[in-house]
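Order of the sequence lines fixes the chain letters, A, B, ..., with proteins taken first and strands second; residue numbering starts at 1 for each chain.
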There are 2 protein chains.
Amino acid sequence: MRASPSDLTGRARLREAALRLFAERGFAATSARAVAAEAGLSPALVMHHFGSKEGLRAAVDEEVLARLGTALRDVPADGDLMGSLGEVSARIFGADPVLRGYLRRVLQEDSPASAALFGRLLSGARTELERLLAAGGGHPDADLRWAPFQMLCLILGPLLLEPVMQPNLDQPMFDPQVLAGRSAANQRLLRRGLLGADPPGPVEPPVGG
Amino acid sequence: MRASPSDLTGRARLREAALRLFAERGFAATSARAVAAEAGLSPALVMHHFGSKEGLRAAVDEEVLARLGTALRDVPADGDLMGSLGEVSARIFGADPVLRGYLRRVLQEDSPASAALFGRLLSGARTELERLLAAGGGHPDADLRWAPFQMLCLILGPLLLEPVMQPNLDQPMFDPQVLAGRSAANQRLLRRGLLGADPPGPVEPPVGG
DNA sequence: TCCGGGGCTGAACATCCGTTCAGTACGTTG
DNA sequence: CAACGTACTGAACGGATGTTCAGCCCCGGA
């Protein structure tokens, strides 16, 4: 539960409004005046609190990364290996459309910060794959160099392509059930494609991902 | 071979300059003045030829879709099923960084035109998959609803993520050999993951990857 | 009570934007 | 030759943008 807008500080209200508008329209297409109007405040207050529009962006980035970090930290590390990954993506992507939109915007920039964020996701995928291979015995000629990238493409692809993908679907892409089904399909594809093994346990977990 | 810039009409030079700058910086971040300067012409000429900046965008879109269409039309339809898809993506994405950048920009918009373009790619993936399943006998519990999307995510993911992916790699992502290796890995993943069958031919090309 | 400082504002600044317009140069047509 | 349409330009317009600044209100401390 989040505090109502009027309960927040001016600074926080500006940051929340910026997060919303940046996620919706992108950074360049969002004016400082629009952010201030969305927050019900004066444009000059943006400069007062953040120094510049770029400073506002930095503050929003920091906030988003913090939320992302807590969401990633709360995932149980002892889950059914790759299942945890689906749970993470479901928790992050499914829950908050604003966060989703902002992450989409960030991932399609070419700033060093964006590359670093992707690097973190990449290393996460790598360790997840190593655990998977150690437990299941990797397929001999599976190309392990590209496997983490394939994993990330399967997870991040729908996030990045949401605006063009959704009009070609009849259900909301990030509805929990739809997301669960897609995530399960991804797990099956990776399990069979990289390990050559069918999933051992029940065919698919209810939420699983 | 393409004609040198000075040989082209003013209209064509403006369109080419716009394609270059739109691909590099995005539409919103590119001013009509910048396009005119890149083409060595007057900003007013943009309005004279295209009516508005949006008209210029439409002309560029049309041109890009035409080039894309010819590239897709030239692919042999009798190839080794999914191999043709890798060839197509290699031909389109590997060859022209500008076209690549522009396609990336288009795919992350949410205009109806972008959704329609994705729809075309989706139907292409669907027919490709149907051919694949008819030839190889699909795996019983493969989620055929998501399979085409997975296919597209694997192909378009690196295109969309290039700016954040490249800094985490030591080779140019769209170097022909690297791209061939990645494409082969995608084919193996899809073959094994969706069909449960190992590839019949040679295990993998030397560079693989 | 006075005072200082931070949150906050309205008005203004220079700059860039997309677009308009009058007008020039030029090849073609009559 | 004159008339014309087309490619093209320089200068300007109104408006939006990021940013600055002097000054307001109001609360806590002296």
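Summarising the geometry, the separation between NZ on A:Lys53 and C1' on D:dA16 is reported as 12 Å, rounded to the nearest angstrom. Taking atom CE of B:Met47 as the reference point, atom C1' of C:dT20 lies 10 Å away to the nearest angstrom. Distance A:Leu21 CG to D:dG18 P: 12 Å, rounded to the nearest Å. Rounded to whole Å, the distance from CZ on B:Phe27 to P on C:dG18 is 8 Å. Here C:dT20 presents its C1' atom at 18 Å from CZ of B:Phe50, a figure rounded to the nearest Å. Distance CG (A:Leu45) to C1' (D:dT19): 14 Å, rounded to an integer number of Å. With rounding to whole Å, A:Arg57 atom CZ is found 17 Å from D:dT17 atom P. Rounded to whole Å, the distance from CG on B:Leu14 to P on D:dA7 is 12 Å.
Among the heavy atoms of the strands lying under 4.0 Å from B:Ala44 is at least one base atom, whether or not backbone atoms are also near.
Put simply, the side chain of B:Leu154 reaches to within 4.5 Å of the side chain of A:Gln150, judged on heavy atoms.
Judged by the 6.0 Å distance and 45° axis criteria, A:Arg100 is positioned over the aromatic ring of A:Phe174.
Between B:Phe22 and B:Tyr102, the ring planes are parallel. Angles under 30° get that label, and only those over 60° would be called perpendicular.
Between the base of C:dG7 and the side chain of A:Arg11 there is no donor-acceptor pair shorter than 3.5 Å.
When the nucleotides D:dG18, C:dC17, D:dT9 are ranked by their closest atom to the side chain of A:Arg33, D:dG18 comes out on top.
When the side-chain nitrogen and oxygen atoms of B:Ser42 are compared with OP1 and OP2 of D:dC8, none of them lie within a distance under 4.0 Å. Residue B:His48 has no polar side-chain atom (N or O) positioned under 4.0 Å from OP1 or OP2 of D:dC8. For the OP1/OP2 pair of C:dC17 and a distance below 4.0 Å, the side-chain nitrogens and oxygens of B:Ser31 include at least one atom meeting the criterion.
The residues B:Arg67 and B:Glu63 are annotated as salt-bridged, a charged nitrogen and a carboxylate oxygen being separated by less than 4.0 angstrom. For A:Glu54 and A:Arg57, the salt-bridge test passes: some basic side-chain N is under 4.0 Å from an acidic carboxylate O.
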